[in-house]
Enquirer: 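Before we start, here is the structure in question, set down as structure tokens.
In each ligand, atom 1 is the first atom listed, and ligand 1 is the first ligand listed.
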Amino acid sequence: VNAAVTALSVRPFGEAGDLEIDFNSDDRPTLATQVLSRCVVASESFWWAQTLGRRISALLRLVVVTNSRATLDLSARCTQPGCENSFEFELPIDRLAPGLADDVVDIPLGDDRRVRLRLPTGADLRDWRARIDPARLDAQQTMLDSLRMEGEIRVADVAAIDECLGKLDPLVDFSIQGPCPACRADMEMPIDLEQLALSSLRVSQRRLLREVHELASRYGWTEAETLAIPQHRRAAYRELIEDSQ
Ligand SMILES: [Zn+2]
């Protein structure tokens, strides 16, 4: 299934219909599914059924294609007392290891116990969002129980299972390690890759709106007329506007 997902064709974010997407929505599972089904050719139900790792991997591929760049610029701040240096770095998004090929994992729990789980999908996130209050103490266990295929999950197992899932599907629970450029102290920086990808696409959407604004206010075209012009020609018109100013 993983190979099938990476073979799907991706088009850059930035067609007229992409302006419909509301990046202010707080329903991230739905937002990510809408973006994916628009730009990575497959239906919404296909994307709901994909594991979180595969959804994130596809979103990152979409960002690379949209920006024509394989890296994203990030900034971080050192947490070492007395240093607190802030610095910028590049994240090579095309070189991140993809998630696990299997959808089902066996996790050993000690005492010869083990549990078999499905990896969570977009549909699981949607389901949890609808029926599990994240503030409840047993929220984590209820979520894991809904993924359980064999074995038993005790309260004491929850943290170990969570850590194990994080290692098996690294894009979901992503962090990078490295020394602070100022004090050389080792840092671990958690990075929410899904959020990062969606933020980058939100910037692309703003850029598209600005383009429409410039061209429509100059030439009197409608939004639809402006967006019907291929991107390279819109860029040429904007250069002409700039030259004439
Ligand atoms: Zn530092």
Side-chain angles (χ1 to χ4, degrees), residues 2 6 10 12-13 23-29 31-32 35-36 51-101 105 107-108 110 119-120 122 125 128-129 134-137 139-141 143-144 155-207 210:
N2 210 9
T6 49
V10 182
F13 182 89
F23 283 97
N24 293 320
S25 163
D26 66 353
D27 181 355
R28 242 167 76 177
L31 177 57
V35 169
L36 286 169
T51 61
L52 305 187
R54 263 180 228 138
R55 285 160 57 93
I56 292 172
S57 179
L59 280 172
L60 294 174
R61 201 150 62 94
L62 172 58
V63 168
V64 170
V65 168
T66 301
N67 296 347
S68 306
R69 255 188 92 198
T71 56
L72 274 180
D73 299 321
L74 292 179
S75 57
R77 183 180 285 275
C78 177
T79 51
Q80 206 64 17
C83 177
E84 283 148 37
N85 166 55
S86 58
F87 57 95
E88 320 239 296
F89 62 99
E90 284 189 341
L91 182 70
I93 41 180
D94 62 332
R95 292 215 305 267
L96 301 179
L100 207 63
V105 293
I107 298 177
L119 291 182
L125 288 188
W128 295 341
R129 227 181 107 81
R136 284 184 56 134
L137 280 177
Q140 203 76 350
Q141 191 176 8
M143 292 179 204
L144 291 177
V155 181
D157 300 327
V158 170
I161 295 175
D162 235 25
E163 197 189 328
C164 199
L165 284 178
K167 284 194 185 124
L168 289 169
D169 214 355
L171 294 183
V172 179
D173 197 6
F174 187 76
S175 65
I176 52 174
Q177 276 117 353
C180 161
C183 73
R184 312 306 297 172
D186 266 326
M187 294 174 55
E188 172 155 12
M189 290 163 276
I191 298 177
D192 183 340
L193 290 174
E194 186 184 67
Q195 179 63 44
L196 195 65
L198 291 173
S199 304
S200 170
L201 295 169
R202 171 205 285 267
V203 170
S204 304
Q205 194 191 49
R206 289 296 305 176
R207 199 180 302 130
R210 202 176 316 120

Enquirer: Which protein atoms of type N, O or S are found under 2.8 Å from the Zn ion (ligand 1)?
Expert: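 Near the Zn ion (ligand 1), the protein supplies Cys78 SG, Cys83 SG, Cys180 SG, Cys183 SG.
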Enquirer: What are the two closest non-hydrogen atoms of Leu125 and Pro29, and how far apart are they?
Expert: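 Smallest interatomic distance, heavy atoms only, reads CB-CG, 3.8 Å.
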Enquirer: With heavy-atom distances below 4.5 Å as the criterion, would you say the side chains of Leu91 and Leu196 are in contact?
Expert: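 Leu91 reaches Leu196 side chain to side chain.
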Enquirer: For Glu90, run the side-chain contact (heavy atoms from CB on, under 4.5 Å) check against Thr71, Leu72, Leu74 and tell me which one passes.
Expert: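 For Glu90, the side-chain contact (heavy atoms from CB on, under 4.5 Å) check succeeds only for Thr71.
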Enquirer: May I ask you to test the Asp94-Pro92 pair for a side-chain heavy-atom distance under 4.5 Å?
Expert: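 The answer is yes; the side chains approach within 4.5 Å.
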Enquirer: In Å, rounded to the nearest 0.5 Å, how long is the span from CD1 of Ile93 to CG of Leu171?
Expert: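 Rounded to the nearest 0.5 Å, the CD1-CG separation comes out at 11.5 Å.
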Enquirer: Could you state the interatomic distance from CZ (Phe174) to CD1 (Ile56), rounded to the nearest 0.5 Å?
Expert: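 Rounded to the nearest 0.5 Å, the CZ-CD1 separation comes to 10.0 Å.
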